[in-house]
Amino acid sequence: MEWQQIEYFQKVAQLQHMTKAAEALSISQPALSRSIARLEEELGISLFERQGRNIILNQYGKLFLKHADRILKEVEMTKKEIKSLLDPEYGVVSLGFLHTLGVNIIPDILSGFQIHHPNTKIKLYQNNNISLLKQLEAGEIDLCLVHHPLEDSHIEWEKLWDEELFLMVPATHPLAQKESITLDEISSEPIISMKPGYELRKIADKLCRRVNITPNITFEGEEVTTLAGLVASGLGVALLPDQRDIDEDKVKKVHVKWPSCRRQIGLSWYSDRYLSPAVRRFMKFIFTRYKG
């Protein structure tokens with residue numbers, strides 16, 4: 001069964017006249033008659049009955065028209081949806097991002113982009129670095145803001161900015177009075193850290209190894225705000241990026257002058273996969289606004 005046959009059948013059913021239907025479809029009457037005949041042959045039933053010069057649907061034709069109308073309507077809706085996806089102003093962008101970017105960066109990106117492109121829909125996916133890249137690899141998301149890419153030649157990663165990591169300490173802690181410290185000064189402190197596998201944990205562990213200290217990790221978590229809350233309660237210190245929702249009356253951020261405590265944030269995408277105009281426009285906005 002060909003797609004065109006269903007459209008031809010619908011027009012004949014609507015007009016109940018073969019010649020008029022052929023004129024409406026801009027084809028010859030013999031060609032239309034052959035198309036209907038092939039459709040009936042494939043279905044194994046007649047769909048029309050003749051009444052003089054007109055033709056009307058029989059019970060089988062009425063049933064087939066019901067489904068044909070539904071099929072053609074679905075196709076038309078699908079065409080419109082695809083068109084909207086291909087239109088940069090009405091498309092959809094699926095963006096993955098690290099948990100730590102959810103408070104500061106993501107709201108800034110979305111508000112800035114949608115001022116100029118309010119009709120573009122942004123779907124958000126929050127996860128850790130590895131999980132986001134696996135989602136990207138699987139085609140579940142278009143783009144992701146991550147610390148670094150997987151070792152996959154198909155995954156592109158372009159640096160956007162450096163992000164400083166501060167030592168977060170309780171406001172009453174002696175280190176809170178200092179403007180900067182060296183990381184080995186926390187060798188005896190209880191450490192509040194991200195769980196193993198998270199990029200911030202990997203970075204913190206690497207920095208501790210560099211200064212030859214074994215961190216005394218007392219609490220582990222998955223969210224920066226949770227860890228900052230534990231710091232505010234006096235349960236330890238943590239190496240974290242700055243966040244807007246950290247209570248500065250209870251938590252003080254101290255600059256680490258040695259070793260350099262920073263991480264890179266970049267945008268990743270899958271190079272061999274089609275990127276819609278909406279996704280490309282979003283990428284251009286990101287690079288224009290945030291690339292250092």
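This structure is a prediction, so every number in the text was calculated from the model and none was measured. This chain uses plain numbering: 1 for the first residue, then up along the sequence. We use all heavy atoms of the structure for the numbers below, so side chains are in, but hydrogens, waters and symmetry mates are not.
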Euclidean distance, Trp269 CH2 relative to Leu136 CG, rounded to 0.5 Å: 10.0 Å
Where Trp157 and Gly266 come nearest, the two heavy atoms and their spacing: NE1-CA, 3.4 Å
side-chain hydrogen bond (donor to acceptor under 3.5 Å, both in side chains) partners of residues 245-259, not counting sequence neighbours, each pair once: Glu164-His255, Asp242-Lys253
Candidate pair Glu74 and Ile71, rule side-chain contact (heavy atoms from CB on, under 4.5 Å), full reasoning: CA-CA 5 Å; Glu74 285 291 330; Ile71 291 168; 5.8 Å; no
Single-linkage hydrophobic cluster Leu132~Met194, side-chain heavy atoms < 4.5 angstrom: no
Pairs involving residues 40-61, ordered by first then second residue, that meet ring-ring contact (aromatic ring centres under 6.0 Å, His included) (sequence neighbours left out): Phe9-Phe48
Evaluation steps, side-chain contact (heavy atoms from CB on, under 4.5 Å), between Leu72 and Ile6: CA-CA 8 Å; Leu72 293 173; Ile6 299 175; 4.1 Å; yes
Test item: Gln10 and Leu65 side chains (from C-beta on) under 4.5 Å apart, heavy atoms: yes
Reference residue Ile55; test side-chain contact (heavy atoms from CB on, under 4.5 Å); the match among Leu47, Val12, Ile36, Leu15: Val12
Heavy-atom pair with the smallest gap, counting every atom of Ile213 and Ser187: CG2-CB, 3.7 Å
side-chain contact (heavy atoms from CB on, under 4.5 Å) evaluation trace for Leu267 with Glu158: CA-CA 5 Å; Leu267 186 70; Glu158 193 160 339; 5.5 Å; no
Backbone of Thr182 reached by a side-chain donor or acceptor of Glu185 within 3.5 Å: yes
Atom pair CD/CG of Glu49 and Asn58 - distance to nearest 0.5 Å: 5.0 Å
Flag, side chain of Arg273 to backbone of Glu137, donor-acceptor distance under 3.5 Å: yes
Nearest-0.5 Å distance, CG of residue Leu110 to CD1 of residue Ile105: 11.0 Å
Residue pair Leu133, Cys144: steps toward the side-chain contact (heavy atoms from CB on, under 4.5 Å) verdict: CA-CA 7 Å; Leu133 290 167; Cys144 58; 4.0 Å; yes
Taking every non-hydrogen atom, the tightest pair across Ile192 and Val231: CD1-N, 3.7 Å
Side-chain heavy-atom pair Leu101, Glu163 within 4.5 angstrom cut-off: yes
Residues in side chain to side chain contact (heavy atoms under 4.5 Å, CB included) contact with Ala228, at least two apart in sequence or another chain: Ile246
Test item: Leu165 and Leu200 side chains (from C-beta on) under 4.5 Å apart, heavy atoms: yes
Tyr8 side, atom OH; Trp3 side, atom CH2 - distance, nearest 0.5 Å: 13.5 Å
Connected via hydrophobic side-chain network under 4.5 Å: Leu98 and Leu207: no
Donor-acceptor pair, side chain of Ser268 and main chain of Glu156, under 3.5 angstrom: yes
Contact check, side chains of Leu160 and Leu145, non-hydrogen atoms, under 4.5 Å: yes
Arg50 CZ: over 12 foreign heavy atoms closer than 6.0 Å: no
Hphob cluster co-occupancy, Ile286 + Ile115, side-chain heavy atoms under 4.5 angstrom: no
Hydrophobic cluster identity match, Ile265 and Val103, side-chain contacts under 4.5 Å: no
Contact check, side chains of Leu275 and Tyr270, non-hydrogen atoms, under 4.5 Å: no
Residue among Arg263, Gln126, Glu223, Gln243 satisfying side chain to side chain donor-acceptor pair (under 3.5 Å) with Thr100: Arg263
Cluster overlap Trp161 with Val146, hydrophobic side-chain contacts below 4.5 Å: yes
Contact check, side chains of Val93 and Phe113, non-hydrogen atoms, under 4.5 Å: no
Interatomic spacing from CZ in Phe97 to CD1 in Ile109 - rounded to 0.5 Å: 9.5 Å
Leu183 and Pro259, any side-chain heavy atoms less than 4.5 Å apart: yes
Qualifying side-chain hydrogen bond (donor to acceptor under 3.5 Å, both in side chains) pairs with a residue from residues 105-116, counting only residues at least two apart or across chains: Asp108-Arg289, Asp108-Tyr290
Pairwise side-chain hydrogen bond (donor to acceptor under 3.5 Å, both in side chains) hits with a residue in residues 193-205, at least two apart: His148-Glu199, Lys195-Glu222, Glu199-Lys202, Arg201-Asp205, Arg201-Glu220
Shortest non-hydrogen contact from Gly234 toward Pro170: CA-CG, 3.8 Å
Sequence neighbours excluded, every pair satisfying side-chain hydrogen bond (donor to acceptor under 3.5 Å, both in side chains) that has a member inside residues 16-38: Thr19-Gln29
Contact check, side chains of Glu76 and Lys79, non-hydrogen atoms, under 4.5 Å: yes
Donor-acceptor under 3.5 Å (Thr120 side chain, Gly91 main chain): no
Pairwise distance CG(Leu239) to CD1(Ile191) - rounded to 0.5 angstrom: 8.5 Å
Under 3.5 Å donor-acceptor, Asn129 side chain and His147 backbone: yes
